[in-house]
Amino acid sequence: MVQTIRHEVPVQGRLVVVPIPDDVEEADVVDGMRAFLVEHSGVPRCAALVAWADDDTLVARDIDLREDESPNPTMHTLRAALGALLTDLFGTSVRPSWGAVTEAPTLGVHVDELSTSFLRELHEFVAPKTTFIALLTERIDPGAIVRKLRHLQRVRVIYGGVPQCWAANSA
């Protein structure tokens with residue numbers, strides 16, 4: 001059964017994190033998230049499979065395959081914001097599959113705006129070496145993700161509000 005952990009702050013955006021337990025197939029979680037993304041194709045978002053590299057940096061691989069859509073300013077903003085957010089949250093650099101981000105927002109001072117319980121849960125369940133999916137979006141119903149992944153045992157969906165400065169339309 002999928003466990004849901006919800007945290008809120010005044011928001012325009014949302015960060016959803018799905019840690020992948022060692023005994024769960026990564027491909028099953030990615031497939032479930034991709035199915036969710038297909039059903040919500042009109043929502044601006046950036047979704048990545050994030051893994052820890054041997055040098056303790058993060059490697060983020062885009063999992064939102066949109067064959068009919070070329071990158072646009074909103075996508076660039078979301079990718080930059082997700083990379084900067086992960087850097088701030090985990091205190092390490094992020095190597096994204098979508099290439100270098102030239103105009104990443106500076107977000108370090110805003111980590112304090114996130115719920116302390118959200119940060120605690122995030123660091124508890126995304127320990128170093130835990131692979132996870134990160135989804136940054138303007139608006140989304142995390143309950144729909146929970147329903148899409150509920151067939152997977154021991155999978156958690158952690159989500160919380162993203163301060164306005166991290167929202168896709170304001171970065």
Discussion item. Any heavy-atom pair between the side chains of Leu89 and Leu119 that's under 4.5 Å?
Written reply: yes
Above 12 or not: heavy atoms from other molecules or residues under 6.0 Å from CG of Asp22?
no
Scanning both residues in full, the closest heavy-atom pair of Arg95 with Ala53 reads NH2-CB, 3.5 Å
dist Asp64:CG -> Leu135:CG (nearest 0.5 Å) comes out at 8.5 Å
Closest heavy-atom pair, Arg45 versus Leu37, reported as atoms and distance to 0.1 Å, is NH2-O, 3.1 Å
### Query
Between Val155 and Asp28, does a side-chain contact (heavy atoms from CB on, under 4.5 Å) hold up when you go through it step by step?
CA-CA 11 Å; Val155 172; Asp28 292 340; over 6 Å; no
| query | Between Leu152 and Val146, is there a shared hydrophobic cluster once you connect ILVMFWY residues whose side-chain heavy atoms come closer than 4.5 Å? | reply | yes
Notebook entry, point to check: When you look at CZ of Arg61, are more than 12 heavy atoms from neighbouring residues, nucleotides or ligands closer to it than 6.0 Å?
Noted result: no
Output for pair (Ile158 CD1, His123 NE2), nearest 0.5 Å, gives 10.5 Å
CD1 (Ile133) and CG (Leu149) are apart, to the nearest 0.5 Å, by 7.0 Å
Output for pair (Leu136 CG, Arg79 CZ), nearest 0.5 Å, gives 12.5 Å
Shortest non-hydrogen pair, Gln153 vs Val24, comes out as O-CG2, 3.3 Å
Between the OG1 atom in Thr87 and the CG atom in Leu82, the distance rounded to the nearest 0.5 Å is 9.0 Å
Answer yes or no: does atom CD of Glu39 have more than 12 heavy-atom neighbours from other residues, nucleotides or ligands under 6.0 Å? yes
Is there a side-chain contact (heavy atoms from CB on, under 4.5 Å) between Trp52 and Thr92 once you walk through the steps?
CA-CA 10 Å; Trp52 292 86; Thr92 189; 4.0 Å; yes
**Asked** Should Phe90 and Phe125 be regarded as members of a common hydrophobic cluster, given that ILVMFWY residues are connected when their side-chain heavy atoms come within less than 4.5 Å of each other, either directly or indirectly?
**Response** yes
When every non-hydrogen atom of Val94 is compared with those of Pro96, the smallest separation belongs to O-CD, 3.2 Å
Audit row: Val50, Val17, side-chain contact (heavy atoms from CB on, under 4.5 Å) steps and yes/no = CA-CA 10 Å; Val50 184; Val17 176; over 6 Å; no
request  = Under the side-chain contact (heavy atoms from CB on, under 4.5 Å) rule, what do Leu122 and Phe132 come out as? Steps first, then yes or no, please.
outcome  = CA-CA 11 Å; Leu122 192 64; Phe132 60 97; over 6 Å; no
Should Val29 and Thr131 count as side-chain neighbours, where that means a heavy-atom distance under 4.5 Å? no
In this structure, CG of Leu15 is separated from CZ of Phe118 (nearest 0.5 Å) by 4.5 Å
Of all heavy-atom pairs linking Gly32 and Lys148, the shortest is O-CG, 3.2 Å
